[in-house]
Structure formats: structure tokens, C-alpha cells
Amino acid sequence: MTRSTDVQTALNEYWTQRSVPYDEYQQRPDRKDLDLAAWKQVFADALGTAPLDVLDVGTGSGYVACIVAELGHRVTGIDLADGMLGRARLHADAMTIPPTFLRGDAVAPDFPANSFDAVVNRYVTWTLREPDTALTNWLRLLRPGGTLAVVDSTWFARGLHEGASDQFKSFYDEDVRRALPLAESTTIEPFVDRIRAAGFVDVEAVALTRLRELDLEYGVAPNHEVLTQYLIRGTRP
């Protein structure tokens, strides 16, 4: 049986090694402004306009955390990949009111209950080693009426290793693959079902058509294909 610490160590190392090219790809000048406008709209719609205390779990290079902070919210971002945190802090240094970035586990964030008005993330739920535990913990961190807003897709519906790079397959090996129950989902419904099962209410998945349009026009990263991304939103009762 693979220990969760071994799985997480592999994930941390992969995303640390990928942090610079991953972050640079998100800053592609040919579509950077269009992407930022689209993502700002996604999270403005999800969170509303009143300033909130927001936790971005698995913040990576801080892309979403910085956007949400620019929308006027008070943002904390956590991640276990040190390389990603380094990139996030570089972006924060250029901001007037930046997010706070801390080393922390998306599955078990180390904050008191009822600490946040919203928990957000992007492209994190598929790679969670224990999604049900994570969702239970995210619910606990939210204040009553608080919002969960996550973005993901069926990135590996044909199999985690189908068309993947050697680097990816070396870290996302068979042990890791077996430890990630959402990674090879063929529809968005398993994500929605687990969020509901964790206790969130009013859960819905909204297709992000503008992001798909941009991907069709400008292309996607190597070893990826154009897919519909979804914002899944739920509420703590």
C-alpha cells in the first residue's frame, strides 16, 4: 500500500520541477490579457463583490490567488511545492495588496474552523490524494454560508499516462495514479458528487465557455487537448 506521504512527496517534486515553465506558460503574451479578463470574470461571478477572507488551496504559482486579491478580497494561498510558492511570491512582490503565501497541505489546511468566507482552487481537485478528506476539511474552514469555488476538467479521461511526457509519468507513476481517485474521471459528475457528499449544498457545475473559446483560438499546452473547464460552486449550510 502506498503511503500518502510518498504520494505527496512525488507530487511536490513534480510541481516544483515544473514551476517555472508552468508559470511562464500562463503568462503567454499573446493571450495574457484575455486570460486575465476571463478568469477575473469567473471568480467575480463566483465570489461576488463584497470583500471576503479567501483561502486558495493548492495555489501553485498564485495565479488565482493574485486575481482574487485584485478583485478586492483578502487572500491566503497555500501549497506544498516549494518551487511553485517561489513563483507565487515573485508575483505577489509586484502587487500593492498581495495575497499571503504559506507552505501548507491542500488536503489538511492548518487553520481554525470557520476561518474563511470562501475556499477556491484551480486544477487541484483532480490531483488530490484524498479528495473526500480535503473537502471535509474545506467545509470545516468555511463560515456558515461560505462558498467553495473550484475549477477543473476531465484532463485524463483516456488515462493518466496517455500521451503524457516522460517527466510526468516518472512522478505520476502507477502508485500515484492509484492514489488519485478523480484523476481519470470521464465526466465532471464525480467531482460534483463528492462535493455534495462532503456536505456542501446548492452545488452546481458551470461550463466555462469563454476559456474554451480562448483555447480553441490560441491552442493549449503540449500534451493537452481542448476541453471544457467547469466552475463547481457549492455553499456551506
**Study point:** Test item: T187 side-chain N/O and E189 main-chain N/O as donor-acceptor pair under 3.5 Å
**Key:** yes

Exercise for review: Would you mind listing the cluster partners of L214? Hydrophobic ones only (ILVMFWY), side-chain contacts under 4.5 Å, chaining allowed.
Suggested key: L34, Y218

Review point. Hey, mind stepping through F191 and W126 against ring pair (Phe, Tyr, Trp, His ring centres under 6.0 Å) and telling me if it holds?
Key: CA-CA 8 Å; F191 296 79; W126 76 266; 9.4 Å; no

Practice item. Could you tell me the separation between the NZ atom of K32 and the CD atom of Q27, rounded to the nearest 0.5 Å? Key: 4.5 Å

Review point. Which heavy atom in G58 sits nearest to a heavy atom in D79, and how many Å separate them?
Key: C-OD2, 3.3 Å

Point to revise | Contact check, side chains of T186 and T154, non-hydrogen atoms, under 4.5 Å | key: no

Let me check something: any side-chain donor-acceptor pairs from residues 204-213 under 3.5 Å, sequence neighbours excluded? List them with distances.
unit_1	atom_1	unit_2	atom_2	d
R210	NH1	E213	OE1	3.4
R212	NH1	T228	OG1	3.4

Point to revise | Candidate pair D152 and Y230, rule side-chain contact (heavy atoms from CB on, under 4.5 Å), full reasoning | key: CA-CA 6 Å; D152 227 316; Y230 295 87; over 6 Å; no

Check your understanding: Is it the case that R122 places NZ or CZ above or below the six-membered ring of W39, under 6.0 angstrom from the centre and within 45 degrees of the axis?
Key -> yes

Point to revise | Enclosure of I97 CD1 (heavy-atom neighbours >12, cutoff 6.0 Å) | key: no

Exercise for review: Tell me who clusters with V201, hydrophobic residues only, linked when side chains sit under 4.5 Å apart either directly or through other members.
Suggested key: none

Point to revise | Heavy-atom closest contact (P131 atom, L182 atom, distance) | key: CB-CD1, 4.0 Å

Review point. Can you list the steps and then say if R129 with D105 is a side-chain contact (heavy atoms from CB on, under 4.5 Å)?
Key: CA-CA 11 Å; R129 66 183 191 271; D105 186 359; 2.7 Å; yes

Check your understanding: Do P144 and P237 have side chains that get closer than 4.5 Å, going by heavy atoms?
Key -> no

Check your understanding: If you round to the nearest 0.5 Å, how far is CZ of F116 from CZ of R74?
Key -> 11.0 Å

Revision key, fill the gap. Sorted by chain and residue number, the ring-ring contact (aromatic ring centres under 6.0 Å, His included) partners of F168 (sequence neighbours excluded) come out as Y14, F156, Y172

Check your understanding: Between CG of D53 and NE2 of H73, what distance do you get to the nearest 0.5 Å?
Key -> 10.5 Å

Exercise for review: Look only at the side chain of E184 and the backbone of L160, and say whether a donor-acceptor pair between them is shorter than 3.5 Å.
Suggested key: yes

Point to revise | T136 side chain to D132 backbone, donor-acceptor under 3.5 Å | key: yes

Show me, pair by pair, the donor-acceptor contacts under 3.5 angstrom made by side chains of residues 82-94, not counting sequence neighbours?
unit_1	atom_1	unit_2	atom_2	d
D82	OD1	R103	NE	2.9
R87	NE	D23	OD2	2.9
R87	NH2	D23	OD2	3.1
R89	NH2	F101	O	3.0
H91	NE2	D23	OD1	3.0
H91	NE2	D23	OD2	2.9

Review point. What closest approach, in Å, do I195 and L135 show between heavy atoms, and which atom pair accounts for it?
Key: CG1-CD2, 3.7 Å

Exercise for review: Measure the spacing between CD1 of I232 and CZ of R194 and express it to the nearest 0.5 Å.
Suggested key: 12.0 Å

Check your understanding: Can you find a pair of side-chain heavy atoms, one from V68 and one from L47, that are under 4.5 Å apart?
Key -> yes

Check your understanding: Can you find a heavy atom in the side chain of L180 that is under 4.5 Å from one in the side chain of T127?
Key -> yes

Review point. Can you check whether S61 reaches S19 side chain to side chain, under 4.5 Å on heavy atoms?
Key: no

Review point. Just wondering, do L142 and W138 contact through their side chains at under 4.5 Å, heavy atoms?
Key: no

Point to revise | Interatomic distance, D117 atom CG to L141 atom CG [nearest 0.5 angstrom] | key: 12.0 Å

Review point. Do the side chains of F171 and V176 get nearer than 4.5 Å, heavy atoms only?
Key: no

Exercise for review: Please answer: with hydrophobic residues joined when any side-chain heavy atoms are less than 4.5 Å apart, are V120 and L80 in the same cluster?
Suggested key: no

Review point. Is the shortest heavy-atom distance from the side chain of L139 to the side chain of F200 under 4.5 Å?
Key: yes

Point to revise | Under the side chain to side chain donor-acceptor pair (under 3.5 Å) test, residues paired with T59 that sit two or more places apart | key: D56

Exercise for review: For N114 and R236, run side-chain contact (heavy atoms from CB on, under 4.5 Å): C-alpha distance rounded to whole Å, both residues' side-chain angles, the deciding distance at 0.1 Å, then the answer.
Suggested key: CA-CA 10 Å; N114 306 311; R236 177 183 168 175; 2.7 Å; yes

Check your understanding: Just how far is it from atom OG of S115 to atom CZ of R140, taken to the nearest 0.5 Å?
Key -> 7.5 Å

Study note, to complete from the structure: Taking every heavy atom of Y25 against every heavy atom of G219, the minimum-distance pair comes out as OH-O, 3.8 Å

Revision key, fill the gap. Between L128 and A134 the two heavy atoms that sit nearest each other are CD1-CB, 3.9 Å

Exercise for review: Considering non-hydrogen atoms only, spot the tightest contact between P109 and L55 and give its length.
Suggested key: CB-CD2, 4.1 Å

Check your understanding: Hey, does the side chain of D215 reach the backbone of V220 with a donor-acceptor pair shorter than 3.5 angstrom?
Key -> no

Practice item. Evaluate the side-chain contact (heavy atoms from CB on, under 4.5 Å) criterion for residues E225 and R158: first the C-alpha distance (whole Å), next the side-chain angles of each, then the deciding distance (0.1 Å), finally the verdict. Key: CA-CA 11 Å; E225 58 186 298; R158 293 185 288 119; 3.1 Å; yes

